[in-house]
Enquirer: 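Take this structure, written in structure tokens, and hold onto it; I'll ask about it next.
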There are 2 protein chains.
Amino acid sequence: MAIDYQGLVTQGLARQISEKIRDAILEGRLQVHERLPTEEELAARFSVSRPTIREALKRLAAQNLIRSRRGPTGGTFVNRPSRDDARGLVATAAALLVSMGEFTLADIAEARQQIEIVCCGLAAQRRTDEQLAAMAEEIRLQRDPALLDADFCASDVRFHRTLVEAAGNPALEFAAAGVLDSLQPAVNLVIFRFRDRRQVALQHERLHRALEARNGEAACAALTDYMNALRRQYRKAQALRAAPVAPAVGGVRG
Amino acid sequence: MAIDYQGLVTQGLARQISEKIRDAILEGRLQVHERLPTEEELAARFSVSRPTIREALKRLAAQNLIRSRRGPTGGTFVNRPSRDDARGLVATAAALLVSMGEFTLADIAEARQQIEIVCCGLAAQRRTDEQLAAMAEEIRLQRDPALLDADFCASDVRFHRTLVEAAGNPALEFAAAGVLDSLQPAVNLVIFRFRDRRQVALQHERLHRALEARNGEAACAALTDYMNALRRQYRKAQALRAAPVAPAVGGVRG
DNA sequence: CTCTACCATTTGTCTGACAAATTAGGGAAT
DNA sequence: ATTCCCTAATTTGTCAGACAAATGGTAGAG
């Protein structure tokens with residue numbers, strides 16, 4: 001392969017430029033909060049026009065890699081990527097894959113169960129009192145009969161996110177982000193009609209007590225029961241969707 | 001909160017437009033492979049200029065949500081998001097977080113161990129012969145003394161990715177993508193000098209045999225030993241970095 | 001010394017234009 | 001009649017210049 005021919009320039013200037021800058025950030029040649037040259041200067045450096053530079057910067061802005069401000073002290077700055085930003089990116093990607101049917105609900109439920117079981121073991125050792133209190137607060141919320149279904153689901157997500165957080169491992173939290181923030185709502189949307197909210201709150205409380213006592217095995221058992229119940233309800237929902245005698249399930253498409 | 005004041009238009013037109021289109025895709029109002037209007041028509045619809053539309057489209061292109069082609073049958077099309085694209089996004093985000101020091105190496109190692117242990121149990125039941133063969137091939141590669149360190153690490157990553165794949169759960173695979181594709185190379189870069197390659201290949205083979213026999217517990221045990229050894233070597237590397245008597249570790253910054 | 005008004009700088013957006021790519025269709029040659 | 005090539009049309013990619021909006025600094029007035 002002695003062929004290069006000057007690097008195949010047929011891929012779009014903006015794309016190449018954005019990748020150059022992205023690599024510079026990833027490799028640390030551009031420090032966080034460092035201000036990069038003005039758009040005009042960048043255009044001169046790369047020998048392209050300003051709109052092209054702007055398109056390249058937009059690509060990076062879409063990934064939250066840079067931020068821009070107007071004014072004399074303004075300009076384009078390298079962003080410190082926050083965990084929440086990363087979580088959002090992962091959640092979006094996961095949501096897309098779900099909506100395209102790349103995952104089955106059974107896949108999602110299983111992945112969630114396995115990851116959360118891991119978290120239960122770790123959280124039993126490492127949970128803080130604050131995290132315990134946050135879980136208790138969600139349980140209290142979930143007991144409110146006036147709570148809307150959507151809010152109940154949101155509370156459910158927050159509860160389980162707190163569980164993962166209580167495992168005290170940011171890397172694990174990152175890995176779980178996609179499954180929790182995006183996949184669980186998908187599950188909820190399908191089957192929340194069939195979920196007994198009091199039962200859910202009860203199981204949550206059982207889990208909470210186990211973590212309070214730092215009893216990892218009890219926590220795992222509680223979670224397993226919870227997930228098994230969820231799976232039963234999911235199968236029930238699936239059966240009804242397969243043979244929809246009564247329009248019990250509201251159509252997803254409005 | 002009776003305040004809205006027409007929705008705060010101070011966020012950038014391109015951003016708003018890209019979010020509108022993104023939501024349309026996520027909610028299924030735009031089908032995959034559907035062609036959306038030409039840039040000119042979009043500009044007219046949104047009452048903005050074409051560069052603004054282009055900036056919005058660039059943001060979406062950066063997320064692989066759309067693709068563009070020139071020509072009469074060209075235009076902008078909705079992309080079917082592939083798992084590899086998603087994996088790439090997650091890996092990039094993870095790499096960024098690692099380079100910013102959001103995760104410690106201990107976090108990463110633990111997350112990897114926990115997730116892979118889960119996969120071991122599932123893979124013992126579900127692994128296909130093809131996956132088994134792929135693992136064997138990697139082991140054969142890893143036994144080659146002429147293999148470069150970088151290639152050895154790459155083979156290591158592929159081996160473990162196959163393990164996750166053998167668990168037969170796409171959602172779990174997605175969750176593990178960040179930890180495997182991006183975090184493990186980071187680990188390898190730090191400590192690969194200290195890893196006994198024959199030892200690694202041996203442990204891999206032990207894992208391979210356990211999966212071949214569909215023995216989940218043996219697979220978990222093999223992986224645990226492997227990860228514990230890795231952790232020991234990591235601590236050794238860390239100690240050397242803390243007190244660098246000899247320049248055994250090449251600087252990362254060249 | 002403090003506050004206000006102006007100003008310079010930088011990004012955000014617009015207008016208009018041309019270049020490049022790619023397909024459709026017509027015309028010519030076999 | 002069929003096949004090949006060439007031209008034209010359409011759409012994105014890039015460029016150039018300009019003005020608007022925001023924002024922080026600074027000079028001047030009280």
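Within every chain, numbering begins at 1; the chains are lettered A, B, ... in the order of the sequence lines, protein sequences first and strands thereafter.
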Enquirer: Does a nitrogen or oxygen in the side chain of T73(B) sit under 4.0 Å from OP1 or OP2 of dT11(D)?
Expert: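 Indeed not, no polar side-chain atom of T73(B) lies that close.
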Enquirer: Could you tell me whether R35(A) atom CZ has more than 12 heavy atoms of other residues or ligands within 6.0 Å of it?
Expert: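 More than 12 within 6.0 Å, yes.
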Enquirer: To the nearest 0.5 Å, tell me how far L163(A) CG sits from I115(A) CD1.
Expert: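 Answer rounded to 0.5 Å: 11.5 Å.
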Enquirer: Sub-3.5 Å donor-acceptor pair from the side chain of N169(B) to the main-chain atoms of D107(A), do we have one?
Expert: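 Here the side-chain-to-backbone pair exists.
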Enquirer: Atom CZ of R70(B) and atom P of dT23(C): how far apart are they, to the nearest Å?
Expert: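 After rounding, the gap between these two atoms is 12 Å.
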Enquirer: dC15(D), dT23(C), dT13(C): which one has an atom nearest the side-chain heavy atoms of P72(B)?
Expert: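 Given the options dC15(D), dT23(C), dT13(C), the side chain of P72(B) is closest to dT23(C).
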Enquirer: So if I apply the side-chain hydrogen bond (donor to acceptor under 3.5 Å, both in side chains) rule between S155(A) and each of Q142(A), E137(A), R140(A), which one comes out positive?
Expert: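 Of all the options given, the one that passes is Q142(A).
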Enquirer: Does one side chain, of T162(B) or Q131(B), offer a donor that lies under 3.5 Å from an acceptor on the other?
Expert: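 Side chains of T162(B) and Q131(B): no pair found under 3.5 Å.
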Enquirer: Near DNA chain C, which residues from residues 33-45 of chain A have a heavy atom under 4.0 Å away?
Expert: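 Per residue number, the list reads R35(A), T38(A), E39(A).
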Enquirer: In Å, rounded to the nearest 0.5 Å, how long is the span from CD of E138(B) to NE2 of H160(B)?
Expert: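 Interatomic distance, E138(B) CD to H160(B) NE2, rounded to 0.5 Å: 10.5 Å.
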Enquirer: Counting heavy atoms not belonging to E40(A), are there more than 12 under 6.0 Å from its CD?
Expert: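 Open: at most 12 neighbouring heavy atoms sit under 6.0 Å from CD of E40(A).
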Enquirer: Quickly work out the R50(B) CZ to dA19(C) C1' distance and round it to whole Å.
Expert: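 That distance rounds to 12 Å.
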Enquirer: Pick the nucleotide of DNA chain D nearest each of S49(A) and G71(B); which residue has the one closer to the 5' end?
Expert: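 It is G71(B) whose nearest nucleotide is closer to the 5' end.
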Enquirer: For DNA chain C, find the residues of residues 53-65 of chain A with a heavy-atom distance under 4.0 Å and give them by number; none if there aren't any.
Expert: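 Nucleic-acid contacts, sorted: R54(A), K58(A).
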Enquirer: For dC14(C) and T52(B) - does any side-chain N or O of the residue sit under 4.0 Å from the phosphate oxygens OP1/OP2?
Expert: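 Checking dC14(C) against T52(B), a side-chain N or O does come within under 4.0 Å of OP1 or OP2.
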Enquirer: Would you say that more than 12 heavy atoms from the other residues, nucleotides or ligands in this model lie under 6.0 Å from the CZ of R67(A), or not?
Expert: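 Count over threshold, so yes.
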Enquirer: Considering every strand and a 4.0 Å limit on heavy-atom distances, what is the contact class for R69(A): base, sugar-phosphate, or nothing?
Expert: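 The answer is sugar-phosphate, as R69(A) gets under 4.0 Å only of primed atoms, P, OP1 or OP2.
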